[in-house]
Participant: 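I am attaching a structure below and will ask some questions about it afterwards.
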Amino acid sequence: MLDRPRRTPLLWSLLCFALVAVLACLVHAGWSPLLRLDAHARGWATSADQHAWLVDVMRGIEIAFADVGMTVYTLLLAGWLLVVQRLRRAAVLVVAVMVVTLLLTTTLKTVVDRPRPPWQWHGGLLPGGSFPSGHASHIAALTGLLVVLAGMLVRRAAVRRLVHAAAALLVLVVAADRVLLGRHFPSDVVGGALLGVGVLLLGVGVYNPLPKSHALGALPLPEVLPGNRELAVIVNPIKIESVTQFQAIVSSMAAEARWSEPRWLFTTVEDSGTGQAHQAAVGGAGLVIVCGGDGTVREVCAELAGTGIPVGIVPAGTGNLLARNLSLPLFIRAAIDIALTGQDRAIDMVRVTGDGIDETSFMVMAGLGFDAAIMEGVNEDIKNKVGWLAYVLSGLKALMFPTMRLDVSVDDGPWTRHRARTCVIGNVGSLQGGMNLIPDAAIDDGLLDLVLLYPRRFLSWIPLVLRVMTRREDRAGESVARMTGRKIAVRASTEVPRQLDGDIIGLGKELTMECIHGRALVRVAR
């Protein structure tokens, strides 16, 4: 809806308002066919009134979605958008749509001045006009806003469909509640729902909630020489719902930011980004945008490291740890905007060698033991359906991963012996859910940070993780060990699972990691 021309929602809005106007005229004129249809509601309300439990439920629904409740829901939604998501335009749209819906509903009630049904529930008669239903108009507007926001913020089609179904069910429940309690005629409810949808469509057409470019309020970047405006976009097609729609969005935003028409390169099972990044560089790209998960981003950044070509990241994976640690938005349009108009930041890369693997690199974290076992145990079907929750399920199964005996060397120093269930070597500090495992880690400090965790029992994980997150390591004893250096080598006594940026690299005993300071250029917000 939001990517369509403005006239589309405006025309649909006009149609909704026209239907409301026709319905209001028929109600005011007392059109007999409509009155006969509305009269059927008497029997429904009478039947419902015979069941005390049903009346109690309906009264609860009535109170929950009355003016006070709807005001609270509106303020909570707008506050979340403004404070947490930082989507000011979306917050303004929510408030504006709900306020206009209230004003128009109140005005129509006064103008039409239709008496409420004589059979309304006797436990509490409501005064005021009956047409249109305020409950119906407000719930239609609010659920419509949720559908629009889901289209903006939710990437998984299954989750969006769930939101759509829940929104439709909520409208039907509230509509049935108004009729069964005898508060409104069916035509009142239909009129209210049309009014709420009409206001929503009018709001979307007049004031699009999509955020404006973050560069509009920033100082222009210095440009000594004319820049290369050639754009290449590398896409992992299985990570996005509609390749065509994504291409249309990027092309439109690139034109607005004065970039060339994008050159499109798609990853394959055989080549997850390296070859495509090489083609982009050879083709003279001045900027490469990569859309995919951490693995695809790692491949592209590794290939373009040292070339001076910046990489714009559009996170489309499950973890998106690099994007999170760079404070990049997960909202696709906002991420594209930063990729096109942001500033370049030099970040560290980590060169990796080990037994059974070719020399490679990572951007975020490497792990041995429990950490890698989580990645290894993730069910891909569950991951595709519920996202990062799949890692939680895998983690619960792997909590008591066997103890490892590890030797660690920092900056080619002497080897020290440790026991641990998990070993994490981080170029950044934050994991899923904002868990800051390595508080001192920075992606541009030229250093690696190693953490060893050794919970002795199943229940020891909870206090251990809390101590790590709050940095109360004075009480951690031998359960936590930290080391920092430019080069870290880890050697296990037996073969253990290993991972780089969430990708399993197979069982092995050794990993040697060296931080290459400021090796890659990525786009971040100004």
Side-chain angles (χ1 to χ4, degrees), residues 234 273-274 277 281 287-290 292-315 317 319-328 335 338-339 342-354 357-368 371 408-413 423-432 434-452 482-490 498-503 505 511-526:
I234 299 173
T274 301
L287 169 66
V288 174
I289 294 178
V290 53
D294 282 322
T296 304
V297 172
R298 181 183 75 244
E299 295 287 341
V300 172
C301 287
E303 182 64 24
L304 297 178
T307 65
I309 301 174
V311 178
I313 300 170
V314 179
N320 302 312
L321 288 180
L322 181 59
R324 294 176 191 272
N325 281 274
L326 291 172
S327 298
L328 296 176
I338 289 176
Q343 62 184 4
D344 299 338
R345 177 181 176 185
I347 64 172
D348 302 339
M349 289 193 64
V350 185
R351 182 186 296 129
V352 183
T353 58
I357 61 172
D358 297 328
E359 181 177 309
T360 183
S361 62
F362 71 83
M363 304 288 294
V364 181
M365 290 184 181
L368 298 89
D371 175 72
V408 180
S409 172
V410 179
D411 292 335
D412 295 320
C423 171
V424 176
I425 304 94
N427 194 29
V428 298
S430 294
L431 299 177
Q432 286 279 20
M435 177 180 172
N436 203 0
L437 180 64
I438 314 174
D440 295 328
I443 201 168
D444 54 4
D445 62 357
L447 297 172
L448 295 173
D449 295 84
L450 176 143
V451 175
L452 299 171
R482 293 187 183 276
M483 303 175 201
T484 301
R486 185 184 60 83
K487 181 179 180 181
I488 293 178
V490 181
R498 301 173 296 176
Q499 64 89 10
L500 301 178
D501 286 351
D503 290 339
I505 58 172
L511 281 182
T512 300
M513 295 141 287
E514 183 177 5
C515 185
I516 312 299
H517 185 42
R519 182 64 171 167
L521 280 180
V522 296
R523 281 289 172 92
V524 296
R526 298 191 194 181

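Below, each value reflects all heavy atoms present in this structure, side chains not excepted, and no hydrogens, waters or symmetry copies. This chain uses plain numbering: 1 for the first residue, then up along the sequence.
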Participant: Would you sort out whether V490 and M513 count as a side chain to side chain contact (heavy atoms under 4.5 Å, CB included), showing the intermediate values?
Facilitator: CA-CA 9 Å; V490 181; M513 295 141 287; 4.2 Å; yes
Participant: With side chain to side chain contact (heavy atoms under 4.5 Å, CB included) as the test, would you mind laying out the steps for L321 and V428 before giving the verdict?
Facilitator: CA-CA 9 Å; L321 288 180; V428 298; 5.6 Å; no
Participant: Grab the two heavy atoms, one from C515 and one from G446, that are nearest each other, plus how far apart they are.
Facilitator: SG-C, 3.5 Å
Participant: Run the side chain to side chain contact (heavy atoms under 4.5 Å, CB included) check on V288 and V300 step by step: do they pass?
Facilitator: CA-CA 9 Å; V288 174; V300 172; 4.2 Å; yes
Participant: Side chains of R345 and D444: closer than 4.5 Å at any heavy-atom pair?
Facilitator: yes
Participant: Search all heavy atoms of G295 against all heavy atoms of D503 and return the closest pair with its distance.
Facilitator: CA-OD2, 3.5 Å
Participant: Does any part of the side chain of L322, heavy atoms only, come nearer than 4.5 Å to the side chain of D501, both counted from C-beta?
Facilitator: no
Participant: For the residue pair M365 and G426, what are the closest heavy atoms and their distance?
Facilitator: CG-CA, 3.8 Å
Participant: Nearest 0.5 Å, what's the OG1-CD1 distance between T484 and I425?
Facilitator: 12.0 Å
Participant: Hey, what do you get for NZ (K487) to CG (D412), rounding to the nearest 0.5 Å?
Facilitator: 4.0 Å
Participant: Would you compute the distance between atom CD1 of I488 and atom CG of L450 and round it to the nearest 0.5 angstrom?
Facilitator: 5.0 Å
Participant: Roughly how far, to the nearest 0.5 Å, is CG of L448 from CG of D411?
Facilitator: 9.0 Å
Participant: What do the steps show when you test D348 against D445 for side chain to side chain contact (heavy atoms under 4.5 Å, CB included), and what is the final call?
Facilitator: CA-CA 7 Å; D348 302 339; D445 62 357; 3.7 Å; yes
Participant: Just so I know, are the side chains of I347 and M363 near enough to count as touching, which here means a heavy-atom distance under 4.5 Å?
Facilitator: yes
Participant: Would you give the length of the straight line joining atom CG of L521 to atom CG of L304, rounded to the nearest 0.5 angstrom?
Facilitator: 10.0 Å
Participant: Nearest heavy-atom pair of L287 and A339: which atoms, and what distance?
Facilitator: CD2-O, 3.2 Å
Participant: Do E299 and T274 pass the side chain to side chain donor-acceptor pair (under 3.5 Å) test, and can you show the C-alpha distance, the side-chain angles, and the key distance before you say yes or no?
Facilitator: CA-CA 5 Å; E299 295 287 341; T274 301; 2.6 Å; yes
Participant: Kindly indicate whether the side chain of V522, heavy atoms from C-beta on, has any atom under 4.5 Å from the side chain of V524.
Facilitator: yes
Participant: Less than 4.5 Å apart, any side-chain heavy atom of D449 and any of V451?
Facilitator: no
Participant: Any heavy-atom pair between the side chains of V352 and L511 that's under 4.5 Å?
Facilitator: yes
Participant: Grab the two heavy atoms, one from V297 and one from G292, that are nearest each other, plus how far apart they are.
Facilitator: CG2-O, 4.2 Å
Participant: Side chains of L328 and I338, heavy atoms from C-beta outward: is any pair under 4.5 Å?
Facilitator: yes
Participant: Any salt bridge (Lys or Arg N to Asp or Glu O under 4.0 Å) pairs touching residues 511-520, not counting sequence neighbours?
Facilitator: R351-E514, R486-E514
Participant: To the nearest 0.5 Å, what is the distance between CZ (R498) and CD1 (I505)?
Facilitator: 4.5 Å
Participant: Work out which heavy atom in A305 is nearest to a heavy atom in M349; give both atom names and the distance.
Facilitator: CB-SD, 3.5 Å
